[in-house]
Each structure stands twice: as C-alpha cells, then as structure tokens.
There are 2 protein chains.
Amino acid sequence: MSTEPTAPTRRTELLGIAAGLFAEKGFKNTTVRDIAEASGILSGSLYHHFDSKESMVDEILSTFQEELFAAYDAVLASDVDARTKIDRAVRLSFQAIDQHPHEVAIFQNDAGYLGGFERFGYLAERNAQSREVWVSLLTEGVRSGALRHDLDIELTYRFIRDTVWVAVKWYRPGGRHSHVEIADQYLTILLDGISTDPQSPSPRERP
Amino acid sequence: MSTEPTAPTRRTELLGIAAGLFAEKGFKNTTVRDIAEASGILSGSLYHHFDSKESMVDEILSTFQEELFAAYDAVLASDVDARTKIDRAVRLSFQAIDQHPHEVAIFQNDAGYLGGFERFGYLAERNAQSREVWVSLLTEGVRSGALRHDLDIELTYRFIRDTVWVAVKWYRPGGRHSHVEIADQYLTILLDGISTDPQSPSPRERP
DNA sequence: TGGTCAACCAAACAAGTGCTTGGTAGGCTA
DNA sequence: TAGCCTACCAAGCACTTGTTTGGTTGACCA
C-alpha cells in the first residue's frame, strides 16, 4: 500500500469512530449525530472533514478491500499445492476478521444496500473477484486429486465463504478463541468432516 | 399450530407484501409508504390493519418462529441416533429457507436491531433455545462415538448455524439447486470433509 | 502584530419518517 | 331501508434525517 504515510490525523480518528458505529448498528441506522456525539463534536462539524456520510463508508471500505485483496493475490501467486493455498486463504480470512472486525462487519451487513449506489460498484466487483479466487482454488484441488471429485464447486465455495465471513458476527478479538484456533478448528472440519466414519455411499475415492 | 384457520384475509396479504420488502431491503430501510405503495394503497391505510410497523415484523417473525421450533422439537424428540438427528435438523433448516425465505432473511438481517426492543425479547430466547438443541445433539454425537471427539462443540455449532442460515442470502427457490441438493452437499462436506485424505495429525480415531 | 488555517460551533433547512385524524364508498345483514 | 362494518383516502403533525451556512476559537508562523 503506497498511498500516504497515513499520519494519525483527526480525520483518521473520526473514521475509526464511524467504522465502529457502522459495524455495530449498520450504516443506515447510524446517524451523523451518533458519530458526532461519539466524537465529542457537533454533527455539522463532520462536514469539515468529509463530503458526506456515504464518503465515510466509502473510504472505510475501499481502503480495507485494497489491503485484503492484495493479501489474497499473494496467496494465489504463492508456489504451493492447492490444499495449502486453501489453508492459507482460510487463515487469512479469519485473520482479517481479527484485525479489521469493523470493516468486515460493515461489508457483511451493508454491502447489499450500498451496492445499489453506483459509487459502490467496486463492492460487487471485488465479490466476483473473490469468487474466482476460490473457485479456481477448489477446481485445482479437485483436479489434482487432493479434493473429492463429487464436490459441487459453486456450492462448496459458498459454504466456505459464508462460514468464514459470518464469523465476524460472533468473533471477539481477545475472546475465548483466538482467530488461529478458530481457523484450525474450521479447517479440520472442512477438510476431514465432523464424522468418525465416512458416510455410507461414495466414500473417499481417488481419481 | 392451533391458532385460527387463517383465512387469506387482506391482513395476511399485506403481511406477505411487507415480509417481502423487509427481507429485501431490511426492516429499518423499508418505509410504511413502501409497503403501502406495493399494496396499492396509501400509507395511512395500513394503520387500519396494524398498530405499527413494528407489530408487522413482530407478527411475521413470531408466527414463523413458532412453526420452526415446533419442527425442531419433533426432530429432537424422535427416536433415532445423533447422526440422523443432525442430518434431519440440517435438512429441516434448508427446507425452512426454501419455504419461508422472507422470514428467515428478516430474522438473519434484523434480529440484532430488533432484539434491542423489549417486545422482541423472544428472538434472543429462541436463539438460545436453538443453541441448546445443537449443542446437545453434537455432544450426544461425540459421546456415542459417531462424531470425532476433538471437536470444539461450541465452534462446531456456530459453523453449522452460520453456514445453514446465511444460505438464505443466495438461495433462490426454483433456482439451480434445490434445497434438498444443497442439504445433501452440505451434509456430505460437514460429515466427511472436502478432502480425499484425512489430514496429517490426529485422524479419525474411535473412543 | 497580523495573517493563516484546521477544527469546531450554532442554527437552520428541506426532505423523509411513523403515525393520527376525520371522513367516505360499498357491501352485508337485520 | 337503516345500520354497521371493512377497507380505504386525504391531509397533516411531530419528529428525525443528512446537509448547509456563516461565524468563532486557538495554535502556529512570518
């Protein structure tokens, strides 16, 4: 990320406060007066720093997405087998939830609403991009024999995406489980299942 | 359900329209004028049928939850092993998404916000109740040897709950996958994993 | 000392919000 | 025919919303 050195300006501080409120109550449900009160100023004063309430989420989300997808690209480009890539991508996601819970929560809760505005078209683009990453990883895994070939790639992608990202709704940094423990447990279940016996028909076959 | 025979009254019709809008745009983000316009009447006329906008969601959610939890109770009370119960509970959930997509979506998206009002205290209660159902099922499964005993019950419960219910965000009745196919695929992955080989350490052990 | 500037205040505005009020049209029934 | 009832309209009220405007404060600097 080679933008500015990002000094901890008042602007940045206000964005952090806004992000917390957006994540907690939702974008539409958070008023500029809420943000102002939490910042110890009046609502009108926010407009000295930002054009609009929309531009606040915009800055919050776009900054985060840039960072996140740079990390995904690094995983995709790494020279390891599909299984390891999947492992890393899952861990990366839980780590993102740990380090940027507000941003992830806003994206999870309000992407649908915000996506309706032209300004936030990049949200849908990033979503499609993320899907392609996962679908290609899973396809590679099946082709290499590391993953079962009776998998429906599209459904499997959705299951993984959903489970990973919705965790932001209950995960609390510094809580009972670290994001690493959660990733461990999920990867165990995802790769090998919760069962002791393989289920009756069509068990683990090799290509 | 032994309430009233529920004739297809205008009231019921309006509730259905409201449910669709709430599910699509969120409760807070749907105005009474939206609902009225979609119904072909003026906003004030809604108050001939309902006390408030809140009482509309209330009726939508409470009716659905009653029905859903009666079904869960039946699964819990059935005389089969834990694995079969888990199978049935998962299928039941995907079926609920298929038959009541609006209600599920509203619950998923707005339970957090609505839960803040006393009136909707039952939402949190039902949530706790649902957790107990799953935790007891999983615990029984581990104890009986059907499920791996290195599972973190709490995390496993959350993973299952999240994956199942968030599916309402992309599942479309009559779409490419039936709810039965989706349940099949998810149960396959959940029980046996996506991998062909059991992962390196601590594979499938018996108690 | 005077000028500049970021940060903020105080007050308001227009649009949108949930909801209320008084009234009306038309069907059903006693 | 009279009375009642369901379903609705028309208009508005009180409040909240995002945003604008003109002015004030205090730190920094030449």
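Just so we're on the same page: letters track the sequence lines, and every chain starts at 1. Keep in mind it's a predicted model, so treat the numbers as computed, not measured.
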Any residue meeting salt bridge (Lys or Arg N to Asp or Glu O under 4.0 Å) with Lys25(B), in chain and number order, not counting sequence neighbours: Asp34(B)
N/O contacts under 3.5 Å, protein versus nucleotides 15-22 of chain D?
unit_1  : atom_1 : unit_2   : atom_2 : d
dG18(D) : OP1    : Thr30(A) : O      : 3.3
dG18(D) : OP1    : Lys53(A) : NZ     : 2.7
dG18(D) : OP2    : Val32(A) : N      : 2.9
dG18(D) : N7     : Arg33(A) : NH1    : 2.9
dG18(D) : O6     : Arg33(A) : NH2    : 2.9
dT19(D) : OP2    : Tyr47(A) : OH     : 2.6
dT19(D) : OP2    : Lys53(A) : N      : 2.9
dT19(D) : O5'    : Tyr47(A) : OH     : 3.3

Row check, Phe159(B) ring normal vs Arg161(B) NZ/CZ: under 6.0 Å, within 45°: no
Centre of Trp170(B)'s six-membered ring, under 6.0 Å away, within 45 degrees of the axis: is that where NZ or CZ of Arg158(A) sits? yes
Side chain to side chain contact (heavy atoms under 4.5 Å, CB included) partners for Asp184(A), two or more places apart: Arg91(A), Val180(A)
Can a donor-acceptor pair be found, under 3.5 Å and without considering hydrogens, that links the side chain of Arg83(B) to the backbone of Ser195(A)? no
Short side-chain to backbone donor-acceptor contact, Glu181(B) and Ser178(B), under 3.5 Å: yes
Strictly below 4.0 Å: does His48(B) bring a side-chain N or O up to OP1 or OP2 of dC9(D)? no
In this structure, how many angstroms lie between the P atom of dA7(D) and the CG atom of Leu46(B), rounded? 13 Å
Roughly how many Å is it from CZ in Phe50(B) to C1' in dA7(D), rounded to a whole number? 13 Å
For nucleotides 25-28 of chain D, which of its nitrogen or oxygen atoms have a protein nitrogen or oxygen under 3.5 Å away, and what is each distance?
none

Start and end of chain A contact along DNA chain C [non-hydrogen atoms, under 4.0 Å]: dA6(C) to dA12(C)
Show me the donor-acceptor pairs within less than 3.5 Å that the side chains of residues 112-129 of chain A make with the rest of the protein, sequence neighbours left out.
unit_1    : atom_1 : unit_2    : atom_2 : d
Arg119(A) : NE     : Asp58(A)  : OD2    : 2.7
Tyr122(A) : OH     : Asp58(A)  : O      : 3.3
Tyr122(A) : OH     : Asp58(A)  : OD1    : 2.8
Arg126(A) : NH1    : Gln129(A) : OE1    : 3.1

Measure the spacing between CE of Met56(B) and CG of Leu14(B) and express it to the nearest 0.5 Å. 8.0 Å
How are the rings of Tyr186(B) and Phe94(B) set relative to one another: parallel (under 30°), tilted (30 to 60°) or perpendicular (over 60°)? perpendicular
Is the shortest side-chain N to carboxylate O distance from Glu140(A) to Arg143(A) below 4.0 Å? no
